[in-house]
Amino acid sequence: TFYGTGNPGNDSMMRQDNAVKYVAQSGSLTGTLLYSAGGFSGSPASGSSAEAALSYRSGRLLLSGAYQDLNNNTDTLKLKAYTIGGHYTVGEWQFAANYGSNTADRSATTQIKTDIYSIGSTYSITPALALTLGYYNVNRSWTASAKPTATIDRVIGFAEYKLSKRNLVFLEFDHNKWGGDVTQ
């Protein structure tokens with residue numbers, strides 16, 4: 001329910017009520033449009049959002065991208081976010097990469113920009129047992145030098161065992177290296 005990926009800094013809790021969604025598929029392409037009216041009487045833009053996504057699937061390849069434009073509950077703060085990524089499967093291996101970015105108003109004069117890069121791979125040892133290794137790099141900057149630039153480098157690993165279609169157990173490790181002011 002946070003405004004964007006995690007909380008990019010404008011402390012706005014958002015729900016997407018009163019939404020209209022349209023999905024169209026043609027062969028390997030799928031497109032999605034969504035508009036949420038917000039629900040504040042007398043201020044149609046307050047709490048509203050507009051989103052668009054496009055994906056392409058062909059055999060072992062999946063590519064996708066999405067864009068989102070949000071207004072907070074008072075229509076004074078905005079958030080714009082987009083992401084693009086994909087994965088490719090070769091035998092028991094799946095390789096994935098993604099880039100995401102969002103810019104959020106913290107006040108009328110200050111914005112926070114967050115860029116997230118990720119890459120990773122999953123190896124399926126058996127249909128029930130898989131190992132995953134991933135790397136994330138997060139960069140956050142503020143306009144008007146409101147706070148120092150922040151970076152986070154994160155390596156994660158998972159071993160997961162599927163007990164059934166709905167249940168699994170996993171073991172996770174992660175290593176994080178923080179730089180700058182990572183607080184909001």
Side-chain angles (χ1 to χ4, degrees), residues 1-10 12-39 45 47-72 78-105 112-140 152-160 162 164-168 170 172 174:
T1 59
F2 278 105
Y3 202 28
T5 307
N7 181 357
N10 60 8
S12 297
M13 294 292 288
M14 294 295 295
R15 290 179 52 117
Q16 298 198 341
D17 295 329
N18 308 314
V20 175
K21 181 177 178 181
Y22 178 75
V23 178
Q25 186 169 5
S26 177
S28 298
L29 289 174
T30 301
T32 304
L33 298 173
L34 182 137
Y35 178 77
S36 175
S48 68
S49 68
E51 303 167 31
L54 184 64
S55 67
Y56 171 79
R57 180 183 295 272
S58 178
R60 297 179 262 173
L61 176 67
L62 172 67
L63 301 172
S64 63
Y67 175 80
Q68 184 173 45
D69 191 339
L70 298 166
N71 296 307
N72 76 341
K78 312 285 185 201
L79 178 128
K80 293 180 187 287
Y82 63 91
T83 186
I84 187 165
H87 70 77
Y88 187 75
T89 304
V90 179
E92 306 306 319
W93 288 91
Q94 184 178 89
F95 301 94
N98 191 76
Y99 169 72
S101 182
N102 66 57
T103 302
D105 295 337
I112 303 169
K113 180 172 174 45
T114 304
D115 293 311
I116 304 167
Y117 303 85
S118 64
I119 189 167
S121 182
T122 298
Y123 178 68
S124 296
I125 297 169
T126 69
L129 181 62
L131 301 174
T132 299
L133 183 65
Y135 168 74
Y136 295 85
N137 175 265
V138 179
N139 296 294
R140 177 172 284 167
I152 303 169
D153 289 300
R154 182 175 193 200
V155 176
I156 63 163
F158 284 95
E160 65 180 40
K162 297 172 185 82
S164 69
K165 289 182 180 182
R166 295 186 180 128
N167 297 302
L168 63 87
F170 65 91
E172 173 190 354
D174 61 73

**Student:** From D105 CG over to K78 NZ, what is the distance, rounded to the nearest 0.5 angstrom?
**Tutor:**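 If I round to the nearest 0.5 Å, the distance is 8.0 Å.
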**Student:** Would D174 and R154 satisfy side chain to side chain contact (heavy atoms under 4.5 Å, CB included), going step by step from the backbone distance to the final call?
**Tutor:** CA-CA 7 Å; D174 61 73; R154 182 175 193 200; 3.5 Å; yes
**Student:** Grab the two heavy atoms, one from A159 and one from L131, that are nearest each other, plus how far apart they are.
**Tutor:** CB-CD2, 3.6 Å
**Student:** Only counting residues at least two apart or in another chain, list the ones meeting ring-ring contact (aromatic ring centres under 6.0 Å, His included) with Y67.
**Tutor:** none
**Student:** Kindly compute the distance separating CZ (F95) from OG1 (T89), expressed to the nearest 0.5 Å.
**Tutor:** 9.0 Å
**Student:** So, using side chain to side chain contact (heavy atoms under 4.5 Å, CB included) as the criterion, who are the partners of A53 when residues are at least two apart?
**Tutor:** T32, A66
**Student:** Only one of I116, T114, N102, I152 clears side chain to side chain contact (heavy atoms under 4.5 Å, CB included) with R140; which?
**Tutor:** T114
**Student:** So does Q94 get a backbone contact from the side chain of S121, meaning a donor-acceptor N/O pair under 3.5 Å?
**Tutor:**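 Present.
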**Student:** Could you tell me the separation between the OH atom of Y123 and the CG atom of L133, rounded to the nearest 0.5 Å?
**Tutor:**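 So the OH of Y123 and the CG of L133 are separated by 15.0 Å.
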**Student:** Who passes side chain to side chain contact (heavy atoms under 4.5 Å, CB included) against D153, sequence neighbours left out?
**Tutor:** Y135, N137, K177
**Student:** Run the side chain to side chain donor-acceptor pair (under 3.5 Å) test against T126 and tell me which residues pass, sequence neighbours left out.
**Tutor:**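 For T126, no residue satisfies side chain to side chain donor-acceptor pair (under 3.5 Å) once neighbours in sequence are set aside.
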**Student:** List for me each residue that meets side chain to side chain contact (heavy atoms under 4.5 Å, CB included) alongside F158, sequence neighbours excluded, and say none if there are none.
**Tutor:**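 Scan of F158 (side chain to side chain contact (heavy atoms under 4.5 Å, CB included), adjacent residues dropped) gives T132, I156, F170, E172.
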**Student:** Can you name the side chain to side chain donor-acceptor pair (under 3.5 Å) partners of K21, sequence neighbours left out?
**Tutor:** none
**Student:** Compute whether any side-chain donor of one residue and acceptor of the other, for S48 and N71, lie under 3.5 angstrom apart.
**Tutor:**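 Side chains of S48 and N71: pair found under 3.5 Å.
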**Student:** If you compare all heavy atoms of L54 against all heavy atoms of G31, which two are closest, and at what distance to 0.1 Å?
**Tutor:** CD1-CA, 4.1 Å
**Student:** Which distance, rounded to the nearest 0.5 Å, do you find between the CG of L63 and the CD1 of I84?
**Tutor:** 7.5 Å
**Student:** Restricting to side chain to side chain contact (heavy atoms under 4.5 Å, CB included), what partner residues turn up for S26, sequence neighbours left out?
**Tutor:** none
**Student:** Kindly give the heavy-atom pair with the smallest separation between S49 and Y35, and that separation in Å.
**Tutor:** O-CD1, 3.2 Å
**Student:** Identify, with sequence neighbours excluded, every residue that meets side chain to side chain donor-acceptor pair (under 3.5 Å) alongside D115.
**Tutor:**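 Per chain and number, D115 pairs via side chain to side chain donor-acceptor pair (under 3.5 Å) with Y99, S101, K113.
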**Student:** Could you measure the distance from the CD atom of Q68 to the OG atom of S36? Nearest 0.5 Å is fine.
**Tutor:**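 One finds 10.0 Å between CD of Q68 and OG of S36.
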**Student:** Kindly state each residue pair satisfying side chain to side chain donor-acceptor pair (under 3.5 Å) with at least one member in residues 53-66, sequence neighbours excluded.
**Tutor:** none
**Student:** Give me each pair satisfying salt bridge (charged side-chain N to carboxylate O under 4.0 Å, His left out) with a member in residues 85-101, each pair once, sequence neighbours excluded.
**Tutor:** none
